[in-house]
Amino acid sequence: MTDLPAAIAARPLRVGVDIGGSKVAVLVVDEDGRERGRRLVPAASSRPDEAIAQIASVIREAVAAAGATLDDVAAIGIGVPGRVDRATGDVTFAVNLGWQHLPLGRRLEEALGVPCVVENDVRAAAVGLHLGQTFGATDDLVYLGIGTGISAGVILDGRLHRGVRGLAGEIGHVVLDPTGAPCACGLRGCFETIAAGAGIARAARDAVTAGPTTLADLADPTAADVFRAATGGDRAATEIVDRAAAAIARIVHELVLAYDVELVVLGGGVSRAGEPLLRRVVNGLEAIGAPSPFAAELLGETTVRLAGPDHDIGTRGAIALLGSVTASRTATGRASAPSAAAAAEEVVARERVS
Ligand SMILES: [Zn+2]
């Protein structure tokens, strides 16, 4: 990451990029956070060179849609599902994207000539929820991203908790069933084999093999199909979503025990199942609390929310990483030229609710 010359930091636009297993979303906002342009393409290429060219192209299109050019962009925040070195913007182990090692930040800076800040997508979303105080004023929250895989972003005392390796929150690989389905990580019965989109789809395929279910009418049922079938009364689909929701409730309980947060936000593609999912998770939490006054009190004081249909949670989170680019200019009347990576750390601390 480069230091930001004053002339760049003074530019009016910021860009947030959310790279997922199934899409690349770009949002362009002005200094007040108002939307100026956006673009969405279905998926990032698994070939690094193609991916860089594609992501750069989508960013250019979104900026053009804002009636602007890259010369108007102060910085670009990028959320990506994988392990991210925040100092360099290098991405490793982006399993769902097929990237082994990609210096994403540096390559995009070279391609676009604009400073880039890269963070794990779920951690970025957590930073965005905290800065936006989207679900009320709190400095202690968990964002649980349930998509193709599962990961959590943990905000403690107003700061993003990254851990020594930047892997804090990789809770998708907590083993809930040691004899369960094999996971991409090599273990069996990981949380994400039960509750993530790919795990629910696999359970649907197993159900089709095992017996009568309306899921057999679909060529390749997705998690959304399974929730739809459950709502329609299909017994096999209901068992799959009940099991997924019970697993989510169990992990929410463990997150609350581990971190003592007061808010847990469920996001990601699976959360778009909406109220039928939330209702089951809340029921699961009540079942956990039923025999335990301690668990009941703890969970009773914890708010669990759906992130909602707002598809901007990832792009807004990526933009939140850039917060102090604007904040430092406002405070000093000119850009104070922090390194973009340091700026992102700084803004999390600065925006703490006192
Ligand atoms: Zn695993």
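Values below: all heavy atoms of this structure, side chains included; hydrogens, waters and symmetry mates excluded. Order of listing sets the numbers, starting from 1, for every ligand and every atom in it.
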Are any side-chain N or O atoms of Arg316 and backbone N or O atoms of Gly33, one a donor and one an acceptor, separated by less than 3.5 Å?
yes

Check the Zn ion (ligand 1) and write out every protein N, O or S atom at under 2.8 Å, as residue and atom.
His173 ND1, Cys183 SG, Cys185 SG, Cys190 SG

Donor-acceptor check, side chain of Arg305 to backbone of Phe135, threshold 3.5 angstrom: yes or no?
no

Taking NZ, NE, NH1 and NH2 as the nitrogens, is one of them in Arg14 or Asp30 under 4.0 Å from a carboxylate oxygen of the other?
no

Do any N or O atoms from the side chain of Arg11 and from the backbone of Val73 form a donor-acceptor pair under 3.5 angstrom?
yes

Apply the side-chain contact (heavy atoms from CB on, under 4.5 Å) test between Leu299 and each candidate in Val264, Val304, Val282, Ile288; give the one that qualifies.
Ile288

Short question: side chain of Gln54, backbone of Ala43 - any donor-acceptor pair under 3.5 Å?
yes

